[in-house]
2 protein chains.
Amino acid sequence: MRHRLKDVAERAGVSVKTVSNVVNGYLHVRPDTRARVEQAIAELNYRPNLSARNLRKGRTGVIALALPELDIPYFAELARHVVTAAAEHGWTVLIDQTGGGPEQERKAASGIGDHMIDGLIFSPLALTADDLAGLDGMPMVLLGERVDHGRADHVMIDNVAAARQITAHLAGLGRRRIAAIGSQRTPEGASARLRLAGYAAALAEADISYDERLVAPAPAWHRADGAAAMRHLLSGGVRPDAVFCFNDTLALGALRALHEAGLRVPEDVAVAGFDDIEDGRFSIPTLSTVAPDKERIARLAVDLLAGRLDGDRDAPPRELVAPHQLALRESAPDLI
Amino acid sequence: MRHRLKDVAERAGVSVKTVSNVVNGYLHVRPDTRARVEQAIAELNYRPNLSARNLRKGRTGVIALALPELDIPYFAELARHVVTAAAEHGWTVLIDQTGGGPEQERKAASGIGDHMIDGLIFSPLALTADDLAGLDGMPMVLLGERVDHGRADHVMIDNVAAARQITAHLAGLGRRRIAAIGSQRTPEGASARLRLAGYAAALAEADISYDERLVAPAPAWHRADGAAAMRHLLSGGVRPDAVFCFNDTLALGALRALHEAGLRVPEDVAVAGFDDIEDGRFSIPTLSTVAPDKERIARLAVDLLAGRLDGDRDAPPRELVAPHQLALRESAPDLI
DNA sequence: AACGTTGTATCTAACGTTGTAAAGAACCGG
DNA sequence: CCGGTTCTTTACAACGTTAGATACAACGTT
């Protein structure tokens, strides 16, 4: 039941190329011819075979978005914005879930439906600079922390500044034993390091000494890790009076652990997160957090990719910084 | 920098077809020839052009998953399972976000990268039976409530039974003024209707009369809608002592509204949801809910689609029911 | 009336891959 | 060492589309 240009051409009594011209909006087609062709197209419910078109044109109209995990709210929200922004360019987005492992990420970066995608927006976790080297020029925009200095276009937010601001906010509430949850020593933990640096900087500015015992690592940044890390902190020698969690899901887990320990938030312990996911606006208490402009991030990434595709593929890579704000809610309000 | 079979063939000193044979694992290739070809492939970093392959083979290796919204946790979790299940069949999943509107859904169902996908797994909200009619046989599996009796393969859970069970649980706790949040009158509200029917059935079984005033509609099923509906119920004449929310995000919103009203959960009002999303395991309090077997749903859908693609495309449509359980947590525990 | 100019439609050759058929090489038993 | 298998490789023709060249009208100009 699938028809080809040829079928339409026969039905309309014209050549294949004429039908192609109509489909592609070529100007010099006589109105009555055009009408006849369009009617034939409608009657046969013709749709172009994109594989064939792509083969011919070298463009697919599909870009890929490679993310560590789809069911991490931050990535899901980001994905929505990317899909929306891409639609404005007439692109379909193929979403690829890498799982964050190095092997899968390498495969995603180089392999996703080879020649099936025009470009890639990629939020790597485990990928290193070396991995990026062998990608024979697939147009690519990286999200998040820089993996490699200037090998590809890049969209990020100022993690250090954001972490510093939210930590400073906690200090501004008079808290002195400010813990951090989410540190990572792995090379993948680029975000973790930047946010830790911002945390440390804010402590220094507030004349609070950095205390190892208040910095809790988290293997992944899920709710369960946040809860576990919080329990660990509570069982340690120094009872924190505030916690900066390196993302919101960690913070939600921490809230849970604090609740189970019978501590009040923010009275006993103030809590802050990072990402501004939807959950944090309805959690009990609602979550103070860093709010990156996700829509902006998505749009910048898509536009950057568009520029690469339309223009000079060998132009020097660009790095864009998207804005962020503090969203102050109940878990660490403006005034207590 | 992109190479073709021809380039590999020249470098290895063989014909194009021999390279193709090696790439496709054809048996009768002499070991040394194979080795030579493989080396050439490695040296040139050759990757097949999938558009060309698809054009030739008529198969793309890509299936689409069309969902209303990616940042609804239930769909995000489902998407992850579908991607995993599809990977076992060697498929890539193109995730399409329809937004749930009729126009976009129609487009998604008929249009996504035409000829770019082998089949479609589709979770429709607004689509009607008529819309499904004009899809010239794109292999498709529907998720969720049946749109049309037997026009396409279908995977669902027993919504009526599940809603009845969780409502019965609330009644079993001794609650008598059990409210429902999430009713919808639109044709899209198929799930809403089934869950409402289950709710009503459970009330009848428990000899509780159905009270209009305890049934709150929700235009969408987001957290904000749940909170608004809960506030509305609390301001009404009848103060509920339990609430069954038609999904978990509604329930999380309801928890928030109850908290703001100073009511304790579950002591004053027990709360139950539907979907068993990750959030509900860490919310305060944790959420009692219906837990559909999402992994099973995804696997059944993918397998059903695989059957369609490999086998008889005109076989009568099948409807499969995936299991569900009750996950009883703090918001409506087993015993109070 | 012959001319270029423009508008309209067609013809041919790709794009990179794989299925088919067939050719050539190597091997077997007699 | 012949005839027949089996193994190995190749040539050719598609798959459905579009770019480019080309043919043919129709037009206004000289």
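Nothing here was measured: the structure is a model prediction, and the numbers come from that model. Every chain is numbered from 1, with letters handed out A, B, ... down the list of sequences.
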* Asked: Can you tell me if CZ on R318(A) sees more than 12 non-hydrogen neighbours from other groups inside 6.0 Å?
  -> no

* In chain order, what residues pass the side chain to side chain contact (heavy atoms under 4.5 Å, CB included) check against A315(A), with sequence neighbours excluded? -> R308(A), D312(A)

* Asked: When you check every protein heavy atom under 4.0 Å of nucleotides 17-27 of chain D, what one-letter string (B, S, -) results, 5' to 3'?
  -> BBBB-------

* Under the side chain to side chain contact (heavy atoms under 4.5 Å, CB included) rule, collect the residues that match up with E69(A), sequence neighbours excluded. => D71(A), I72(A), H222(A)

* Euclidean distance, atom CG of residue D32(B) to atom P of dA25(C) [Å, nearest integer] -> 16 Å

* What pattern of brackets, bars and dots sums up DNA chain D from 5' to 3', given Watson-Crick or G-U wobble pairs under 3.5 Å, [ ] for crossing pairs and | for another strand? -> ||||||||||||||||||||||||||||||

* Sole residue of D153(B), L305(B), L120(B) in side chain to side chain contact (heavy atoms under 4.5 Å, CB included) with M140(B) -> L120(B)

* Pairs in or reaching into residues 4-45 of chain A: which pass ring-ring contact (aromatic ring centres under 6.0 Å, His included), with residues at least two apart or in two chains? -> Y26(A)-H28(A)

* Whole-Å distance between dG19(C) P and L55(B) CG? -> 13 Å

* To do: Using atom OH of Y26(B) as one end and atom P of dT18(C) as the other, report the distance to the nearest whole Å.
  => 14 Å

Per-pair distances, 0.1 Å, donor-acceptor, side chain in residues 81-91 of chain A, under 3.5 Å, sequence neighbours excluded:
{"residue": "T84(A)", "atom": "OG1", "partner": "R80(A)", "partner atom": "O", "Å": "2.9"}
{"residue": "E88(A)", "atom": "OE1", "partner": "R299(A)", "partner atom": "NH1", "Å": "2.9"}
{"residue": "H89(A)", "atom": "NE2", "partner": "D303(A)", "partner atom": "OD1", "Å": "3.1"}

* **Distance in angstrom units between I41(B) CD1 and dT17(C) P, rounded** => 10 Å

* Asked: Counting N and O atoms only, with roles assigned by atom type, does the side chain of H154(B) sit under 3.5 Å from a partner on the main chain of G144(B), one being a donor and the other an acceptor?
  -> yes

* For dA9(C), does either OP1 or OP2 sit under 4.0 Å from a side-chain N or O belonging to T33(A)? -> yes

* Any side-chain N or O of T18(A) under 4.0 Å from OP1/OP2 of dT10(C)? -> yes

* **L55(B) CG to T60(B) OG1 distance, which is reported to the nearest 0.5 Å** => 12.0 Å

